[in-house]
2 protein chains.
Amino acid sequence: MTSGSPMKLDAVTKPVGFACDDHASCVVDGLSAAEARCASNGLRFTPVRRKVLEILLQEHRALGAYVILDRLRDEGFGSQPPVAYRALDFLVRNGLAHKIERLNAFIACAHPGENHAPAFMICRLCDSVAEAQSAPAQGALGAAARATGFKIERTVVEAEGVCPSCSDTAASEATDSGSATSEARG
Amino acid sequence: MTSGSPMKLDAVTKPVGFACDDHASCVVDGLSAAEARCASNGLRFTPVRRKVLEILLQEHRALGAYVILDRLRDEGFGSQPPVAYRALDFLVRNGLAHKIERLNAFIACAHPGENHAPAFMICRLCDSVAEAQSAPAQGALGAAARATGFKIERTVVEAEGVCPSCSDTAASEATDSGSATSEARG
DNA sequence: GTCCTCCATGTGATCTTATAACGTTTCAAA
DNA sequence: TTTGAAACGTTATAAGATCACATGGAGGAC
């Protein structure tokens, strides 16, 4: 994750997660966006909720509720499951975080404030998760829904595969065929 | 589910699940398709596996592993979790069943034999689930994947909403405004 | 046929994920 | 300052999933 790619996509359509340029700003920006959002919507952005969001923002991957709970305990917050689940529920309800169903884990929203149908790309090698926009109602699923009369309220779109970084690693390892020039991967 | 709709869509693209015309045939056809598939692929379609698929085929909704396990016990099979999970794993690996991630539950595949990227429509009122085809790589998700260099290997596409049957019920209840003419829903 | 191996099954234990229930605290509006 | 809703802390337990190890049966090698 020592990227330096000059590529810069439009903020709205940019898939966020793989290769972020300035990770510190992810956390700071994410927290202030959340703060603003809660203030303008009359929501209480309490210490636990803030801390959980901060924990999520610190990684571009999904964290299980019990991992979050451990970190909360380390920070002096309550250490029982409902503490984490309630905060996560708040964040998810208000569009500040998402649940990755495939992993039973949670990730900070990369586009807070925008009304969106998120889609996720999950790397099965390094566990990183990137968020993109989806438009499931416009594709085959939408057609099927219209054909049957099903009313879509919410969609889960998650792709599992290999992220560009791991893909490069795998490719160079295959080339080197055994000699380990590239960095190790957990 | 007292359908009589004459609508008949192409077998391949037809979303299966809501309003099936002949439910007995779902089970029979599903089992024989599975049998044929296993025979031709050298897979062992053992009694437990067959029974689990039969249990799944009996409903157009997703069943939790422990519900399946209960039914297995009733039929004289082993009653420990691995019994159900192993059979489910076999069915999922071989395309005879799918896991609905959103529900942590399982459903029989409606298009066995076809190589497909399934999409599901989940009714939040009656829990019925219909399977349709998706083409996630052709939409916004595919574009995002190509843009970032992510290699999609598998996709989860699940829509949550209201099925046509429940939609009708809700509409007529709203019209009747309190008087209960339509059938009750558990 | 006998042995042997692989795969499937049975079972107990354990781990992970998630929620119910209930009392206490906080906060802001009346 | 009262009061009511929302948030929090904690205990207990439900629900989902896997580990580890012993047993059993089908099919190939000999």
Side-chain angles (χ1 to χ4, degrees), chain A residues 34-35 38-53 55-56 61-94 96-107 122 127 156 158, chain B residues 34-35 38-39 41-56 61-94 96-107 122 127 156 158:
Chain A
E35 201 140 9
C38 288
S40 73
N41 290 41
L43 303 169
R44 291 166 61 181
F45 197 43
T46 65
V48 204
R49 291 169 176 178
R50 184 189 180 86
K51 177 53 75 178
V52 170
L53 183 57
I55 290 168
L56 292 177
R61 56 196 189 93
L63 296 179
Y66 282 70
V67 170
I68 293 166
L69 190 55
D70 283 345
R71 303 205 186 166
L72 283 179
R73 182 189 299 109
D74 294 346
E75 304 272 352
F77 291 88
S79 61
Q80 299 303 315
V83 173
Y85 280 104
R86 283 195 286 236
L88 287 166
D89 182 60
F90 170 87
L91 296 173
V92 169
R93 269 196 339 259
N94 296 108
L96 300 170
H98 300 291
K99 180 171 188 184
I100 308 295
E101 299 290 346
R102 173 80 182 139
L103 303 176
N104 291 320
F106 301 83
I107 191 165
I122 307 165
D127 284 333
V156 172
E158 297 170 1
Chain B
E35 201 140 9
C38 289
N41 290 40
L43 303 168
R44 290 166 63 181
F45 197 44
T46 65
V48 204
R49 293 168 176 178
R50 184 188 179 86
K51 177 51 76 178
V52 170
L53 182 58
E54 187 184 334
I55 290 168
L56 291 177
R61 56 196 189 92
L63 296 179
Y66 281 70
V67 169
I68 292 166
L69 190 55
D70 283 346
R71 303 205 185 165
L72 282 179
R73 181 189 299 111
D74 294 346
E75 304 272 351
F77 292 90
S79 61
Q80 298 302 315
V83 173
Y85 281 104
R86 283 195 285 236
L88 287 166
D89 182 59
F90 170 87
L91 296 173
V92 169
R93 270 198 335 263
N94 296 109
L96 299 170
H98 300 290
K99 179 171 188 184
I100 308 295
E101 299 290 345
R102 172 80 181 141
L103 303 176
N104 291 321
F106 301 83
I107 191 164
I122 307 164
D127 284 333
V156 173
E158 297 170 1

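Only this structure's heavy atoms are used, side chains among them; waters, hydrogens and symmetry mates stay out. Naming: A, B, ... by sequence-line order, numbering from 1 per chain.
- The CG atom of L53(B) lies 10.0 Å from the CG atom of L88(B); values are rounded to the nearest 0.5 Å.
- Judged as a salt bridge (Lys or Arg N to Asp or Glu O under 4.0 Å), the pairs with a partner in residues 62-82 of chain B (not counting sequence neighbours) are, in order, K51(B)-E75(B), E59(B)-R71(B), D70(B)-R73(B).
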Write down the protein N/O and nucleotide N/O pairs, taken from nucleotides 12-18 of chain D, whose separation is under 3.5 Å; answer none if there are no such pairs.
from	atom 1	to	atom 2	distance (Å)
dG16(D)	N7	Y66(B)	OH	3.4
dA17(D)	OP1	K99(B)	NZ	2.5
dA17(D)	OP2	Y85(B)	OH	3.0
dA17(D)	O5'	Y85(B)	OH	3.3
dA17(D)	N7	Y66(B)	OH	2.6
dA17(D)	N6	Y66(B)	OH	3.2

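- With rounding to the nearest 0.5 angstrom, the CG atom of L91(B) is 13.0 Å from the CD1 atom of I107(B).
- E35(B) is linked by a side-chain hydrogen bond (donor to acceptor under 3.5 Å, both in side chains) to R50(B), counting only residues two or more places apart in sequence or in another chain.
- How far CG of L63(B) is from CG of L103(B): 10.5 Å, rounded to the nearest 0.5 Å.
- Between its opening and closing five pairs, the helix from dG1(C)-dC30(D) to dA30(C)-dT1(D) changes axis direction by 30°, a value rounded to 10 degrees.
- Scanning DNA chain C 5' to 3' for nucleotides with an atom closer than 4.0 angstrom to a non-hydrogen atom of chain A gives a first and last hit of dT17(C) to dC27(C).
- To the nearest 0.5 Å, the span separating CD on E158(A) from CD1 on I122(A) amounts to 4.5 Å.
- With a 4.5 Å cut-off on side-chain heavy atoms, N94(B) and N41(B) do not count as touching.
- With sequence neighbours excluded, the residues that form a side chain to side chain contact (heavy atoms under 4.5 Å, CB included) with R86(B) are P82(B).
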Every protein N/O lying under 3.5 Å from an N/O of nucleotides 22-25 of chain D:
none

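- Shown here for L56(B) and A97(B), the closest heavy-atom pair between the two residues is CD1-CB, 3.9 Å.
- Atoms CG (L69(A)) and C1' (dT10(D)) sit 12 Å apart, rounded to a whole Å.
- Residues passing the side chain to side chain contact (heavy atoms under 4.5 Å, CB included) test with P47(B), sequence neighbours excluded: F77(B).
- The distance from the CG atom of L96(B) to the CG atom of L43(B) is 8.0 Å, given to the nearest 0.5 Å.
- Among the heavy atoms of the strands lying under 4.0 Å from R49(B) are primed sugar atoms or P, OP1, OP2 only; no base atom is included.
- Judged as a side chain to side chain donor-acceptor pair (under 3.5 Å), the pairs with a partner in residues 96-106 of chain A (not counting sequence neighbours) are, in order, H98(A)-H116(A), H98(A)-E131(A), E101(A)-R102(B), R102(A)-E160(A), R102(A)-E101(B).
- In this structure, OG in S79(A) is found 11.0 Å from OH in Y66(A), a value given to the nearest 0.5 Å.
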